[in-house]
Amino acid sequence: MWFFTGPSLAYGPGAIEFLASLQSKKSMIVADRALVKGGLVAPVVEQLTKAGAEVEVFGEVDPEPLMSRVQEGAEVARRFAPDLIIGFGGGSAMDVAKAVYALYERPELTVYELTPIVDMVLGVKSRLVQIPTTSGTGSETTWATILTEGEGGRKLELAHRELVAKWAILDPLLTRSMPARLTADTGADALCHAVESMSSDWSNPFSDALAKEAVLLIFRYLPRAMKVADDPDARENMHYAATMAGLSFGNSQVTIGHALGHAFGSVFHVPHGRAVGLFLPYAIEYNFASAKPKFGNLSQVLGADSVRSPQDLSARVRSLWDEIGMVRTVPEIGGITRERFESSLPDLVRRTDESTCVTTNPRSPSKKEIEEIFRAAWDGRPVTL
Ligand SMILES: [Fe+2]
């Protein structure tokens, strides 16, 4: 027996109005620092106060959030005692909201005890609601949270099914001010989630259906969302596509593309979406033989006669990358010399090999193969392993 888990969805332009119906008396918002500075949290606060709630904003979340930030947020929650915890922002804010929610509900626990194998019994004091302001991470749907231990420290991937939000509110109006570069990076991340999910050993009929539709929408709308910032159709469809892709990989896992991207991003400090986007075509080529039936299903979606060879699919992704200005090779990232790349290879290979994302990859890569994929991404040549 298997399960498919996700939050209930409230969606549509203006969907943040739904907050008023949650009848919260005390709401805590966990938000990205940049959004608080930019005044973007104000409409959320307004919805809650209009409905009679007292509101506390914890707006201290930065990219790659530190464990210490979670502890601070949990302290605020214990003091304020909210009945609603709202993650507001990109993946970092929503990830911190999940961990704050767990530590508020179970103050006797540490984050290290958030393991999937025990019942947590969360949701006694509060409900968790997630509101994404970018269209890509899918964190609003998933049960995982990625936190960093100390400055430049190791990444902790924690997960528990009870960290899935009660509600995700998808309001595309919140994404209209996203800059073009962020739109491209986050949209690329969403495409990686969908394609990698399809190739995962844990893919299933439900994750496949959502991934397929997400791929279709992303190919159709990502270039538009990037070129015309306030194109309402493009913003709306990209926002839903990102959540579909999130539901998909949240129930099937991502694969080697994310393992390569996580390793590369943490060594060279490249934003997540750009790092995983760089490796997607190479990951498709490496996995193609093992995931051919699944990838073949994308022919209709991509308007192609067939997807018979790895290049049929990877070339489509590369041409989408060209349209949105996404990097296709390591040197295109800028600032990485050949010498630095070569000397980092052992570390890159080790990090990729140790990533939990390779567990569900349809092919089990050797260290030599991982190194070859990195070298192909430097040269910009297809992976023919
Ligand atoms: Fe991702």
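Counting starts at 1 for both ligands and their atoms, in listed order. A quick note: this is a predicted structure, and the numbers were derived from the prediction, not measured.
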Q: Please indicate how many protein N/O/S atoms are found closer than 2.8 Å to the Fe ion (ligand 1), with waters neither displayed nor included.
A: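 Protein N, O or S neighbours of the Fe ion (ligand 1) under 2.8 Å, waters not counted, come to 4.
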Q: Apply the side-chain hydrogen bond (donor to acceptor under 3.5 Å, both in side chains) test between S139 and each candidate in T134, D95, T145; give the one that qualifies.
A: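 Only match with S139 under side-chain hydrogen bond (donor to acceptor under 3.5 Å, both in side chains): D95.
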Q: Just verifying a value: how many Å separate E196 CD and I284 CD1, rounded to the nearest 0.5 Å?
A: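 Spacing of CD (E196) from CD1 (I284) equals 8.5 Å.
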Q: Could you identify which residues cluster with V41, counting Ile, Leu, Val, Met, Phe, Trp and Tyr as linked when any side-chain heavy atoms lie under 4.5 Å apart, either directly or through a chain of such contacts?
A: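 Direct or chained contacts put V41 with I16, F18, L19, L22, I29, L35, V36, L40, V44, V45, L48, V55, V57, L84, I86, F88, V129, I131, W167, I169, L174.
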Q: For side-chain hydrogen bond (donor to acceptor under 3.5 Å, both in side chains), just list the numbers for E236 and Y240, CA-CA rounded to whole Å, side-chain angles, deciding distance to a tenth of an Å, and then say yes or no.
A: CA-CA 6 Å; E236 188 168 2; Y240 303 160; 2.8 Å; yes
Q: Can L122 and R106 be said to form a side chain to side chain contact (heavy atoms under 4.5 Å, CB included), step by step?
A: CA-CA 7 Å; L122 306 181; R106 297 284 305 274; 3.7 Å; yes
Q: Counting only N and O atoms by type, is there a donor-acceptor contact under 3.5 Å from the side chain of R69 to the main-chain atoms of E60?
A: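 Here the side-chain-to-backbone pair exists.
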